[in-house]
Amino acid sequence: MKTIADLGDLRGKRVLVRSDLNVPLDGQSITDDGRIRASAPTITMLSQMGARVIVCAHLGRPKGEPEAKYSLAPVARRLSEIVNTPVAFAEDTVGPAAEAAVAALEDGDVLLLENLRFNKGETGKTDAERAEFAGRLAALADVFVSDGFGVVHREQASVYDVAKLLPHATGGLVESEVNVLRRLTADPERPYAVVLGGAKVSDKLGVIGNLLGTADRLLVGGGMVFTFLAAQGHEVGTSLLEADQVDTVKGYLERAEKEGVEIVLPVDVVAADSFSADAAHDVVAADAIPADRMGLDIGPRSNELFAEKLADCRTVFWNGPMGAFEMEPFAEGTRALAKTLADITAGGALTVVGGGDSAAAVRQLGFDDSQFGHISTGGGASLEYLEGKELPGLTVLDSDEVSDEVANGKDA
Ligand code: 3PG
Ligand code: MG
């Protein structure tokens, strides 16, 4: 992969940077700026090299047209504070505002374009549907730097197609994320455990299938665990259950047994009478969830069990909260797990927390990034990497599909 250094002298060059600035917002206020902080070093470096830095990013999932609540304007303000330099903001992505803002850039200036997904072409299903928008993005710049690790699994105009239209390089964030994840797939130090949580097991099936071949232990919590408990024949009350996945999960449990992968499930859960912070709730055995109760967190004995199973691990990857941590009565499982990971990190293990949501969860629960080996900015992207899938945003950087005509024919 080419890095920024391979792009040569960037002074005066217009550099389009794809970052992942998809941060959680409460109205106009950013509740976790981890992705902005993670994206800042590449932007600062380009600016210090004298490039004219044009940052593009998405926020949320608008449907191809402008929607005020998904504007990146608050992100531009926060980015400006973090990179400690004014960040101009264009009120469209490739239209007249963007063109004027790009034309006004001087060497070292930084500009953020409005949400890429306000344009239908960004997420078009076919190359043809994305081509026009990708072309307009590319026309704004001389070179492209791919630094949005959280989106490299998306075949989208700003991630994939634009790299074919401009000379390109991998940004420092994508580089460092890939380097860490590579350590998990190529010969991880053992025991290697993976902890999976979050609501939906169907999102994780691919990765589970692949992990049965590489991990020594698989610990499961969060909403997805009830499909595992059901696969073991237990009643799960009104808990989240993906009934159509029960058979697949049964198959995984059998395969795990054959391959010698230990699957660790909670032995108790915090069961509530409704999905709310003030719901009545008790700790019940995982195989005795009352019919009218829903499990919203793993219980205290499970927290101890998970800590024991992780204590001797040398490598741990974690994705997805253990419970409905946004509500304090159901936050303990996630907090206890984060504490266990912080402890084994201090003991020298490599711990990787994957995913914007999991990363935001640990910070919200009062942990600091430095307590873990690596906090990935990509949830889906890191899972798909571990799954062994080809990530379009990475493969496109490897190939030198940019024709000489494209590479040389642009007037800077
Ligand atoms: C994320 O939040 O996982 C990334 O920014 C990708 O967003 P997406 O899942 O909407 O493509
Ligand atoms: Mg996501």
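Order of appearance sets the numbers: ligands from 1, and atoms from 1 within every ligand. Positions are given from 1 along the sequence.
In this structure, of N22, L21, L59, V152, the residue bringing a heavy atom nearest to atom 2 (O) of ligand 1 is N22.
Of the charged side-chain nitrogens involved, none lies within less than 4.0 Å of a carboxylate oxygen, so that D109 and R52 do not count as a salt-bridged pair.
Near D20, the atoms of ligand 1 lying under 4.0 angstrom from a non-hydrogen atom of the residue are 4 (C), 5 (O). Atom numbering of ligand 1 starts at 1 in the shown order; those under 4.0 Å from a heavy atom of R117 are 7 (O), 8 (P), 10 (O), 11 (O). Listed by number with element, the atoms of ligand 1 under 4.0 Å from a non-hydrogen atom of R154 are 8 (P), 9 (O), 11 (O). Per-residue contacts place G150 under 4.0 angstrom from the following atoms of ligand 1 (heavy atoms of the residue considered): 4 (C), 6 (C).
Put simply, the side chain of T185 does not reach to within 4.5 Å of the side chain of L181, judged on heavy atoms. Within the 4.5 Å cutoff, the side chain of T123 has heavy atoms near those of the R117 side chain.
Under the side-chain contact (heavy atoms from CB on, under 4.5 Å) criterion, R130 pairs with D127, E155, A157, Y160, D161, sequence neighbours left out. Residues satisfying the side-chain contact (heavy atoms from CB on, under 4.5 Å) test with Q232, not counting sequence neighbours, are L229, H234, L253, L265.
The local environment of CG in D26 is sparse, with at most 12 non-hydrogen atoms from other residues, nucleotides or ligands closer than 6.0 Å.
At least one N or O atom of R61, backbone or side chain, sits closer than 3.5 Å to an N or O atom of ligand 1. Distances between N or O atoms of Q156 and those of ligand 1 include no value under 3.5 Å.
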